[in-house]
Structure formats: C-alpha cells, structure tokens
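In what follows, a single structure is set out as structure tokens and then discussed.
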Amino acid sequence: MIGTISAWLWWDRLWLPGNLTWADLEDEEGLVYARASHLYATVPYALVFLVVRYLFERLIAAPLAASIGITENPRYKVEHNAVLDHYFSTKSKHPRQADIDGLCKKCSYSNRQVERWFRRRRNQDRPGVLKKFREASWRLVFYLAAFVGGIIALYDKPWFHNLREMWNGYPRQSMLESQYCYYIVEMSFYLSLVLRITFDVKRKDFKEQIVHHWATLTLLAFSWCGNYIRVGTLVMLIHDSSDILLESAKIFNYAKWKRTCNGIFVVFAAVFIGTRLIIFPFWIIHCTWVYPPDYYPPFFGYYFFNFMLVILLMLHIFWAYLILRMVKMFVFGSLTKDERSDNEEDEETSVTEDNDGHVKVTNGCGAGGGANHH
C-alpha cells in the first residue's frame with residue numbers, strides 16, 4: 001500500500017516534463033540535484049529556531065524593551081465566579097443578550113455586571129505589549145538577516161537580472177550551496193511559525209495566517225522537489241523585503257514612537273503594494289506562466305506550481321485591502337486600530353472603565369499591530 005502511494009506520489013509525469021524521468025536527474029560530476037530527502041533537515045532546524053527564539057526573546061528582546069520603556073501594564077484580575085467561568089471556558093467568550101439574561105439570574109448579577117465581567121475576563125487573556133514586542137523583534141531580526149542573505153546569494157546570478165534565464169536548461173539545473181542554505185533556513189523558520197502559531201498573538205486573520213504558512217511551505221517544498229529553486233529564491237526575497245518594514249513599524253509602535261511608526265508604516269504600505277501586487281504577479285507569476293512553455297510542454301507540476309503562486313497572490317490582495325483601509329483612515333485622521341486585530345487584543349485602543357462601568361477609549365499609534373505578511 002505504502003509502495004503504491006509512493007509510486008503515484010513520485011510519478012515522473014507529476015513532477016517533470018514529458019520527455020524526462022527521475023533517472024535523468026541523477027547526480028553526476030559537477031551536477032547535484034535537489035532531493036526531497038534534503039528537506040528532512042527542516043524539522044530539527046525548526047526546533048533549533050524555537051530554542052533560539054526562546055533565548056532571543058528573553059535575553060535580548062526583553063532587556064531591549066525595558067531599556068526603551070516598554071513594560072506590561074497591570075491587568076485587572078477578574079473575580080472568580082464558577083458559573084461565569086464555566087460559560088466562558090466551555091461555551092463562548094462573547095455571550096448573546098439572551099445568555100447574559102440567564103447568567104444574571106444564576107449569579108444574582110446585574111446585566112452590566114455580567115457584561116463587565118466578560119469584558120474584563122477577555123482583557124485578562126489579551127496578550128500584552130511586551131509579548132508583542134518580543135515576537136516582532138524576533139521576526140524583524142530573521143527577515144532582515146534572510147533578506148541580506150538572499151541578496152548575497154542572488155545578486156550575481158544571471159536569472160536575478162534576466163528572468164528568462166530561470167528556465168535555461170530546466171529541469172537539469174544543478175543545485176547551488178547558497179540555494180540549499182537559503183531554502184533550508186526559510187522553510188525551517190516557517191515551520192517553526194506553524195509549530196508556535198497557537199501560542200503567538202492571535203488576530204482576526206488567524207485562519208489566513210495558517211493558510212499562508214502552509215501554502216508557503218507547500219510551495220517551497222514543491223519548488224524544491226520539482227527543481228523550481230530559482231523561482232523559489234526570488235519569491236522568498238520579495239516577501240522578506242516588506243516584512244522588515246512591517247516588523248519595524250510594530251516595534252516603534254510598541255515603543256510609542258508615533259511619528260516614526262507612522263512614517264515606516266507608510267513606506268511599508270508602498271513597498272508591500274509594489275512587491276506583492278506588482279512585481280510578484282507581473283514579473284514572477286508572468287515568468288512562471290508565460291515563459292516555461294517555450295522550453296517544455298506544460299505538465300502537472302507547471303499548473304500546480306502556478307496555482308500555489310496564485311493562492312499567495314489572493315492572500316496578498318486580502319492583506320493589501322486591510323492595509324489600504326488603514327492608510328485611508330490614517331490619511332483622514334481616523335485610524336484607531338489595526339484592521340486585522342481583534343478589539344480585545346488591540347494595544348492601540350486602550351479600554352478602561354470608571355467606577356460606574358462606563359467605557360473610555362484612548363487611541364494610540366495607528367500602525368499598531370500591523371498585518372503579518374509572508
């Protein structure tokens with residue numbers, strides 16, 4: 001059974017043009033081809049990333065946050081109530097009005113007291129600004145290092161300057177050591193994000209983040225096995241370029257450097273639109289869709305690879321919509337929170353209550369939590 005599945009999975013026609021087989025991609029003197037077994041290394045390296053991240057956040061990011069005045073604000077700890085706790089844990093964190101009325105009768109609380117209890121209980125679990133700062137700092141360091149490494153690996157390659165060179169000799173293109181390192185590092189990092197995603201700050205686009213991470217890993221893994229390595233390195237470089245600015249804007253926002261935060265966010269929006277909605281579809285996807293048929297007949301791998309690129313493009317459009325909404329509100333002076341943040345998680349909108357239970361809202365820097373785009 002396993003042998004049959006493996007035979008179908010690695011069927012030549014799925015991965016290679018019709019006139020080639022895996023036997024044509026055997027290593028020989030001076031030529032080393034990508035192998036699926038090379039990707040096994042991403043698992044231990046992802047675990048290494050988790051350990052390094054843990055040490056970085058506590059030994060570097062936390063002291064850095066303290067040095068620029070970022071501290072955790074004291075949280076109001078809600079009083080224990082067995083009935084409300086049970087409902088909060090097992091049913092919903094946002095009870096409907098009919099449920100609130102029922103809870104009032106069970107607890108002998110007023111309607112306002114129950115609403116206040118749930119609001120405070122939700123805020124009690126909300127991730128603090130220090131946690132957000134540590135996460136943003138870690139991602140900034142990685143994206144910056146990966147981008148610089150990508151430039152070093154690609155700047156002297158002919159396909160970096162002429163996209164048609166990507167298909168010269170495909171798929172018999174020897175793997176370079178720099179490409180191997182670039183791929184393993186990037187895939188290990190994204191795998192570490194998947195392993196940590198349930199523990200990191202959650203936002204409204206939590207599901208889109210999961211789709212993005214898995215789509216990215218699938219795309220990179222398929223491009224590696226199908227020897228679309230040249231395209232894959234360019235895709236990674238494009239994505240890392242705007243992520244550097246995004247994480248920088250977040251860090252300055254948490255430090256309450258409002259003008260710097262807003263300025264970087266505007267630059268980030270421009271770079272994001274330029275790389276993800278212009279260069280990515282009109283250069284990269286155009287290159288993978290239009291040029292290959294000049295070199296070989298289309299096959300399953302050709303269609304599947306382009307399909308995964310279009311999935312990423314759809315996610316880019318979704319995030320670009322949120323970013324443009326933020327820019328619009330920023331320009332007209334009404335930006336109060338990150339469009340992809342849940343209210344309960346939004347550090348930029350500080351919700352407090354007076355003794356009478358009235359809600360007060362204080363707005364901070366607009367670029368706030370920022371969207372996390374890969």
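Just so you know, these numbers use all the heavy atoms, side chains as well, and skip hydrogens, waters and symmetry mates.
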Is the distance between the ring centroids of [X] and [Y] less than 6.0 Å?
X: His239; Y: Tyr143; answer: no
X: Phe265; Y: Phe268; answer: yes
X: Trp15; Y: Phe305; answer: no

*Carefully, step by step, assess Asp99 and Ser92 under the rule side-chain contact (heavy atoms from CB on, under 4.5 Å).*
CA-CA 10 Å; Asp99 295 326; Ser92 174; over 6 Å; no
Just say parallel, tilted or perpendicular for the rings of [X] and [Y], cut-offs at 30° and 60°.
X: Phe49; Y: Trp138; value: perpendicular
X: Phe304; Y: Phe300; value: parallel
X: Trp224; Y: Tyr183; value: tilted
X: His316; Y: Phe272; value: perpendicular

_Quick one, Leu234 with Leu163, criterion side-chain contact (heavy atoms from CB on, under 4.5 Å). Give me CA distance, side-chain angles, the key distance, then yes/no._
CA-CA 10 Å; Leu234 291 180; Leu163 294 182; 3.7 Å; yes
_One pair to check against side-chain contact (heavy atoms from CB on, under 4.5 Å): Cys107 and Asn81. What are the steps and the verdict?_
CA-CA 8 Å; Cys107 302; Asn81 184 294; 3.6 Å; yes
*Please determine, by modelled atom types, if Arg53 and Ser192 share a side-chain donor-acceptor pair under 3.5 angstrom.*
no
_Side chains of Tyr190 and Thr42 only: does a donor on one sit below 3.5 Å from an acceptor on the other?_
no
*asked:* Closer than 4.0 angstrom, basic N to acidic O: yes or no for Lys250 and Glu247?
replied: yes
*Atom pair CD1 (Ile68) and CZ (Phe133), whose distance is rounded to the nearest 0.5 Å*: 4.0 Å
*Within a radius of less than 6.0 Å around OH of Tyr295, do more than 12 heavy atoms belonging to other residues, nucleotides or ligands occur?*
yes
*If you draw a 6.0 Å radius around CH2 in Trp214, do more than 12 non-hydrogen atoms from other residues or ligands fall strictly inside?*
no
*Check: Pro293 and Tyr302 side chains under 4.5 Å, non-hydrogen atoms*: yes
*Report yes or no: does Trp22 contribute a side-chain atom to a donor-acceptor pair with the main-chain N or O of Trp10 at less than 3.5 Å?*
yes
*Would a distance-only check, ignoring hydrogens and angles, find a side-chain to backbone donor-acceptor pair under 3.5 Å from His161 to Tyr155?*
yes
*Of the non-hydrogen atoms in Tyr45 and Ser188, which two are nearest, and what is the gap between them?*
CB-OG, 3.2 Å
